[in-house]
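All residue numbers in this chain count up from 1 along the given sequence.
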Amino acid sequence: MKKMLFVMNPYAGLKRANRHLTDILLSFNQAGYEVITHMTLGQGDATEVVERHGRDVDLVVCCGGDGTLNETITGLLRAGADTPVGYIPAGSTNDFAASLKLSTNIPRAAREIMEGEPVRYDVGKFGQRYFSYVASFGAFTKSSYTTPQSIKNALGHTAYVLSGITELSQIRNEHIRMEIDDQVVEDDFLFGAICNSTSVGGILTLDPKVVDMGDGLFEILLIRAPQSLAEISECIQALQSQKYNCAMITFRSARKVRIFASPDMPWTLDGEKEDGHEMVEVENLHHAIRLIQKREEA
């Protein structure tokens, strides 16, 4: 019998996955899996259990938000395991799932994993940590890890937007030097993201025509602070139209990035806090994971 490790964060999102647990496990058993079920006990727990058991099973499935997926992928990579991973999105924002159009209907997502097939995708390595879809700094990134779980559960994605608004009075420009493959960009930036996703924080959406999550490249979006109402309008229009040809925006694709910044500037990796670095290297790990996706209809 095939073996599965099922890792679930029972506190993710509105805790909506909890009431579907029986249906989820039934789908897995009907597909012929013997399921080892683990409910996460806190931050880092998913990584530990996946690192310990990920090589000994045929499939790892995680249920939770972007942070749970991040920990699951981290556990697999630390274990050196090429085990396929299935993702049931049950968080407040689910940026990664939105980029891949994974179902957020919990029972349907479980069934689609059983009916799907593994597809190779890239993973980011930020210093010694991994990220599945984004490493960001500046405006609105702090809200993803400072908003209490109880507020996230009560308000869902709205909690991120409201918390982001309260950050406006504290936003400052960050002086950044980036060596992007063979190019150097240096300036004061309001926001920056190194991403492998079309959705960033549920607020910014990148053009899916230029984002390929398995091409070995990151998309890098840097936003300078507008100095006038005209520049604010131009910046908003560029972001909304997904045409990044304005003076406040730098948009590049790259395989590797070296970043020099203040060590006091925090980062966010897949919604979780990362301490600042005076210098950090970010590398695209091409086709590092096999993620189960629904088969395309002929």
*Asks:* Any salt bridge linking Lys125 with Glu283? Criterion: basic side-chain nitrogen under 4.0 Å from a carboxylate oxygen.
*Replies:*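 No salt bridge links Lys125 with Glu283.
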
*Asks:* If you count the non-hydrogen atoms of other residues, nucleotides and ligands that lie under 6.0 Å from NZ in Lys243, is the total more than 12?
*Replies:*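 Count not over threshold, so no.
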
*Asks:* If you look only at pairs with a residue in residues 20-32, which of them pass as a side chain to side chain donor-acceptor pair (under 3.5 Å), with sequence neighbours excluded?
*Replies:*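 Applying side chain to side chain donor-acceptor pair (under 3.5 Å) to every pair that reaches into residues 20-32, excluding sequence neighbours, yields nothing.
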
*Asks:* Please check if the number of heavy atoms outside Glu115 that lie under 6.0 Å from its CD is greater than 12.
*Replies:*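 Yes.
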
*Asks:* Would you tell me whether Ser132 and Asp270 have side-chain atoms, one donor and one acceptor, within less than 3.5 Å of each other?
*Replies:*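 Note: Ser132 and Asp270 side chains meet the donor-acceptor criterion.
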
*Asks:* Just say parallel, tilted or perpendicular for the rings of Phe6 and Phe28, cut-offs at 30° and 60°.
*Replies:*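 Aromatic pair Phe6/Phe28 classed perpendicular.
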
*Asks:* Between the main-chain N or O of Met213 and the side-chain N or O of Asn196, is there a donor-acceptor pair closer than 3.5 Å?
*Replies:*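 Pair found, side chain donor or acceptor close to backbone of Met213.
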
*Asks:* Which value, rounded to the nearest 0.5 Å, describes the distance between Met248 atom CE and Leu222 atom CG?
*Replies:*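 Here the rounded value is 13.5 Å.
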
*Asks:* Under 3.5 Å, is there a donor-acceptor pair between the side chain of Thr40 and the main chain of Gly42?
*Replies:*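 Checked: no pair found.
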
*Asks:* Any luck finding a side-chain donor-acceptor pair between Asn173 and Asp188 under 3.5 Å?
*Replies:*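 Result is no, nothing qualifies.
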
*Asks:* Do the side chain of Asn284 and the main chain of Asp122 share a donor and acceptor less than 3.5 angstrom apart?
*Replies:*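 Looks like no, no N/O pair under 3.5 Å.
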
*Asks:* Inspect the contact between Arg120 and Asp82 and indicate whether a charged nitrogen and a carboxylate oxygen are less than 4.0 angstrom apart.
*Replies:*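 Salt bridge flag = yes for Arg120 with Asp82.
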
